[in-house]
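Some notes on the structure that comes next.
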Amino acid sequence: KCTREISYSRLIILADQSAEFLKVSLELINWLSLVFMVVAIPLSFGTTWMLDTLGLRITLILGAWLNMLGAVLRYMGTPPYPGYTFHYSIVMLGQTLAALAQPLIIFTPTKVAALWFPEHQRATANMIASMSNPLGVLLANIISPMMVETSAKIPALLLAYAVPTCIICFLATVGIRSSAPPTPPSASAESSGSEPYVQGIKLLLRNKAYLILLLCFGSGMAVFTCFSTLLEQILCMQGYTDDFAGLCGALFIVFGIIGAGALGLYVDKTKKFIEATKINMSFTALSCIAFSVVSLMPQQKAAVAAVCALFGLFGFSIYPVAMELSVECSYPVGEATSAGLIFISGQVQSVLYIILLQALTKRISAPLSTCGDVVLSWKVPMLVMAGICTFFTCCFLIFFNTRYRRLEAEEEATYGTKQSNKSSSSEDAPSVET
């Protein structure tokens, strides 16, 4: 069940070719990515309710069908038939359906880990499920530049993306038989989502530690979204090719998956959620500052690639651990609700940040540019992004602290029962006077 995540790319890797092919501006192409954030914000509240009330099975199957329909519609908007007029509106409709599927899929790892795995495997399970989506993005980073040498190859690329979604939709529909195992793997799994949805929201809004995590980690998610969405447009200004931008995106994800694997195993063993999150966020802020500097330098491929790798290693790898931390600090609120609101925070901030960063760009003349007709300066936006990342990291380091409520409840349920049984046995046993 963990590996049955649906992977699709939210990255507009080939922004220039897409704009040329669909005959629209780069701003409209960026909206093909922004639509995921805009649509997910209102839908996410319904998704958290679905997961905590209707269960994993219905939610995952619905997400699989929406993702498949979105991929098919994207291809239908750009078929390679002579004389056919390419329709940006149809492509956008397909993206919108895929955006509807996004929270139905991305919200599930924390719920899967809570319902299907014991406490010493939850962080690792969450990591595997969470990283399967970036794995799809990694494949897109590698495959897209290889397949699309010219803008005329974009229909073939969209077809290549549509076929796997059809297969995965079939597998999800016939393969996912239940939302939870017959025997709960932990004490908390028995009461997962025990708080009513509205009451859970109220509890979260009164939880100081959770609100800090909601704001600070949501900002970190927004920075990652800005990085992935705008990477090609930032690098092309200094003459870096689409292939190199794809490589940098791939390094970001590969090292993120490696870091997430190591961090998940470490946290499962030590239960040091707070320490791991704070240390990684600190190195993430430093990596973001480094990227804002080296990305503006021409002919520095090694430095740019290294910084992208470090950004993924420290930043991308935090996601599964932070989602588990959100559950720990908010228990007994349902896992989908606590993790889902953080995702919503990241989406809201992503929209605001991307709009802000684009507004701060200005047209320039750059002889080394590979951006096409329009060349934008990203110097100020990159420094602003680094400043935002650093500010919220400092806030998290200083103000965040919490108890591990779920672990405490499980320990009390386990050892409290044992102690009760022991006491009962002592009372039943005959007393012996010395």
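Side chains are part of it too, since the values below use all heavy atoms of this structure and drop only hydrogens, waters and symmetry mates. In this chain, residues are counted from 1 in sequence order.
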Return the set of residues passing side chain to side chain contact (heavy atoms under 4.5 Å, CB included) with [X] (not counting sequence neighbours), or none when no residue passes.
{"X": "Y210", "result": "L204, N207, L214, S326, C329, S330, S338, L341, I342"}
{"X": "F273", "result": "V267, K271, V321, E324, L325, E328, Y404, L407"}
{"X": "K301", "result": "Y240, F244"}
{"X": "L54", "result": "W49, M50, I58"}

Practice item. Show your working on side chain to side chain contact (heavy atoms under 4.5 Å, CB included) between L231 and I234 and close with a plain yes or no. Key: CA-CA 5 Å; L231 179 61; I234 295 168; 5.6 Å; no
Residue pair [X] / [Y], side-chain heavy-atom distance below 4.5 Å:
{"X": "V294", "Y": "Q300", "value": "no"}
{"X": "F217", "Y": "I212", "value": "no"}
{"X": "V254", "Y": "L251", "value": "no"}
{"X": "I253", "Y": "L135", "value": "no"}

Exercise for review: Ignoring hydrogens and angles, tell me if any N or O in the side chain of R122 forms a donor-acceptor pair with the backbone of A113 under 3.5 Å.
Suggested key: no
Review point. Under 6.0 Å between ring centres, would you say that holds for F224 and F311?
Key: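 Yes, they do, as the ring centres are separated by less than 6.0 Å.
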Practice item. Mind checking ring pair (Phe, Tyr, Trp, His ring centres under 6.0 Å) for F291 and listing every partner two or more places apart, or none if nothing turns up? Key: F227
Revision key, fill the gap. Applying ring pair (Phe, Tyr, Trp, His ring centres under 6.0 Å) to Y319 and not counting sequence neighbours gives none
Drop me the distance from [X]'s [atom1] to [Y]'s [atom2], to the nearest 0.5 angstrom.
{"X": "I355", "Y": "L360", "atom1": "CD1", "atom2": "CG", "answer": "12.0 Å"}
{"X": "L51", "Y": "T59", "atom1": "CG", "atom2": "OG1", "answer": "4.0 Å"}
{"X": "L159", "Y": "R74", "atom1": "CG", "atom2": "CZ", "answer": "12.0 Å"}
{"X": "I105", "Y": "L60", "atom1": "CD1", "atom2": "CG", "answer": "5.0 Å"}
{"X": "Q102", "Y": "T96", "atom1": "CD", "atom2": "OG1", "answer": "12.0 Å"}
{"X": "Y353", "Y": "S219", "atom1": "OH", "atom2": "OG", "answer": "3.0 Å"}

Could you report the tightest heavy-atom contact between [X] and [Y], atom names first, then the distance?
{"X": "L235", "Y": "A245", "answer": "CD1-CA, 4.0 Å"}
{"X": "S350", "Y": "M221", "answer": "OG-O, 4.2 Å"}
{"X": "G200", "Y": "V333", "answer": "O-CG2, 3.8 Å"}
{"X": "S345", "Y": "G218", "answer": "OG-CA, 3.7 Å"}
{"X": "L263", "Y": "I318", "answer": "CD2-CA, 4.3 Å"}
{"X": "V72", "Y": "C166", "answer": "CG2-SG, 4.3 Å"}

List in chain and number order the residues that pass side chain to side chain donor-acceptor pair (under 3.5 Å) with [X], two or more places apart in sequence or in another chain; answer none if no residue qualifies.
{"X": "T173", "result": "W65"}
{"X": "D268", "result": "T124"}
{"X": "T284", "result": "none"}
{"X": "T361", "result": "none"}

Check your understanding: Is there a side chain to side chain contact (heavy atoms under 4.5 Å, CB included) between M127 and L265 once you walk through the steps?
Key -> CA-CA 9 Å; M127 177 272 299; L265 292 172; 5.7 Å; no
Check your understanding: What pairs of residues pass the salt bridge (charged side-chain N to carboxylate O under 4.0 Å, His left out) test when at least one of them lies in residues 206-219, not counting sequence neighbours?
Key -> none
Practice item. For L215 and Q349, run side chain to side chain contact (heavy atoms under 4.5 Å, CB included): C-alpha distance rounded to whole Å, both residues' side-chain angles, the deciding distance at 0.1 Å, then the answer. Key: CA-CA 9 Å; L215 183 63; Q349 293 184 69; 4.2 Å; yes
For residues 382-401, please give each side-chain donor-acceptor pair under 3.5 Å, one per line with the distance, not counting sequence neighbours.
{"from": "T390", "atom 1": "OG1", "to": "A386", "atom 2": "O", "distance (Å)": "2.8"}
{"from": "T393", "atom 1": "OG1", "to": "C389", "atom 2": "O", "distance (Å)": "2.7"}

